[in-house]
Amino acid sequence: MTKFEVLPTNEDFRKLTDMQIDLMIHSMNEDAREIELARKGMTVDAQYFDSSFEEEVWNRPVGEWEVLKPGHDPDEIARQVEELTRAEDRKRLESRFDSLDEYNAYLEAGGKTVRETEVEQYINRQLALAEEKARRLEAVGGNKELIDDTDVSEDRSSVRDNLPDLDKEAIDKSIALFNQLDDDDDDFTVL
């Protein structure tokens, strides 16, 4: 069945159970999948589900299952895989293992990972920037030359010395001044 021939309001359709409707929709989805595969030039093979794999591997604790079943020959399996694998795929796979071996040897000889190299380069850049800032500050010395004040870590006490100290009396005066203003246009309450 590729399509519904009646409206959902039809009495015959309304008599169908949910399971029957689900089966029809599943059938339509499978038909659409088969059509799409045929359009791509692929054949629809029978689907196979090996329930023994689930029982023998997935439902067992780690380490309690064997990769090879009794009677399996690992050399024969390797030969079959070799036959089914294209030559160019084998070359690519071998080169990956070669490069992995080279990489592991590099790390064992004291080489650094890409992440470690990036971190080291970042730290070196930050150190170089800090050294450059220190040289600029030292070069300016006592001159009244303008420099970026983010580089200056001077004591700001000279600025604070010119400001009067705030005490409880000054704070109370400020609050009283604020409260005596007759502003009804704000939402502040009297302190």
Side-chain angles (χ1 to χ4, degrees), residues 29 33 36-37 39-42 49-50 53-54 56-68 72 74-75 77-179 181 183 185-191:
N29 289 338
R33 186 180 69 83
E36 183 64 28
L37 288 174
R39 186 177 313 149
K40 293 178 179 178
M42 301 168 71
F49 178 74
D50 184 9
F53 182 78
E54 191 168 319
E56 294 172 6
V57 176
W58 288 111
N59 295 337
R60 291 206 180 173
V62 175
E64 287 190 14
W65 56 274
E66 295 295 324
V67 175
L68 294 175
H72 284 179
D75 296 328
I77 293 172
R79 186 193 61 74
Q80 291 175 10
V81 169
E82 185 91 15
E83 283 178 7
L84 295 172
T85 308
R86 297 184 315 189
E88 58 194 52
D89 290 337
R90 260 182 276 146
K91 281 184 190 175
R92 197 174 324 130
L93 187 60
E94 288 170 3
S95 71
R96 284 185 184 163
F97 282 119
D98 290 342
S99 59
L100 181 61
D101 291 339
E102 291 170 7
Y103 180 69
N104 287 335
Y106 167 75
L107 290 178
E108 288 172 10
K112 296 179 182 169
T113 64
V114 173
R115 177 72 177 145
E116 290 171 336
T117 304
E118 287 175 350
V119 168
E120 185 178 357
Q121 289 172 349
Y122 176 77
I123 290 171
N124 290 338
R125 281 193 305 270
Q126 294 302 317
L127 284 172
L129 286 172
E131 289 171 356
E132 175 61 29
K133 284 181 182 181
R135 276 193 292 277
R136 281 190 286 149
L137 285 172
E138 188 177 316
V140 170
N143 298 341
K144 295 194 176 199
E145 188 176 324
L146 292 176
I147 60 169
D148 185 5
D149 64 349
T150 57
D151 296 341
V152 179
S153 60
E154 65 180 318
D155 184 22
R156 303 247 183 236
S157 62
S158 61
V159 174
R160 276 186 250 123
D161 290 340
N162 298 333
L163 294 175
D165 291 334
L166 289 178
D167 57 359
K168 177 142 179 52
E169 184 181 340
I171 294 172
D172 288 339
K173 277 181 158 180
S174 299
I175 290 174
L177 252 170
F178 177 79
N179 288 338
L181 293 175
D183 291 336
D185 62 342
D186 59 16
D187 294 332
F188 296 109
T189 58
V190 175
L191 296 176

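Side chains are part of it too, since the values below use all heavy atoms of this structure and drop only hydrogens, waters and symmetry mates.
- Considering only residues two or more places apart in sequence or on other chains, E120 meets the side chain to side chain donor-acceptor pair (under 3.5 Å) condition with K112.
- In terms of the side chain to side chain contact (heavy atoms under 4.5 Å, CB included) criterion, residue partners of L68 (sequence neighbours excluded) are, by chain and number, H72, P74, I77.
- For E131, there are no salt bridge (Lys or Arg N to Asp or Glu O under 4.0 Å) partners, not counting sequence neighbours.
- Listed by chain and number, the residues in a side chain to side chain contact (heavy atoms under 4.5 Å, CB included) with E36 are R39, K40 (sequence neighbours excluded).
- A search for salt bridge (Lys or Arg N to Asp or Glu O under 4.0 Å) contacts involving D75 returns nothing, not counting sequence neighbours.
- Applying the salt bridge (Lys or Arg N to Asp or Glu O under 4.0 Å) rule to K168 yields the partners D172; only residues at least two apart in sequence or on another chain are considered.
- Remark: E132 engages R135, R136 in a side chain to side chain contact (heavy atoms under 4.5 Å, CB included) (not counting sequence neighbours).
- E116 is linked by a salt bridge (Lys or Arg N to Asp or Glu O under 4.0 Å) to nothing, counting only residues two or more places apart in sequence or in another chain.
- N29 is linked by a side chain to side chain contact (heavy atoms under 4.5 Å, CB included) to I25, counting only residues two or more places apart in sequence or in another chain.
- Qualifying side chain to side chain donor-acceptor pair (under 3.5 Å) partners for E83, counting only residues two or more places apart in sequence or in other chains: R79.
- Scored by the side chain to side chain donor-acceptor pair (under 3.5 Å) test, E64 finds no partners at all (sequence neighbours excluded).
- Residues satisfying the side chain to side chain donor-acceptor pair (under 3.5 Å) criterion with R125, sequence neighbours excluded, are absent altogether.
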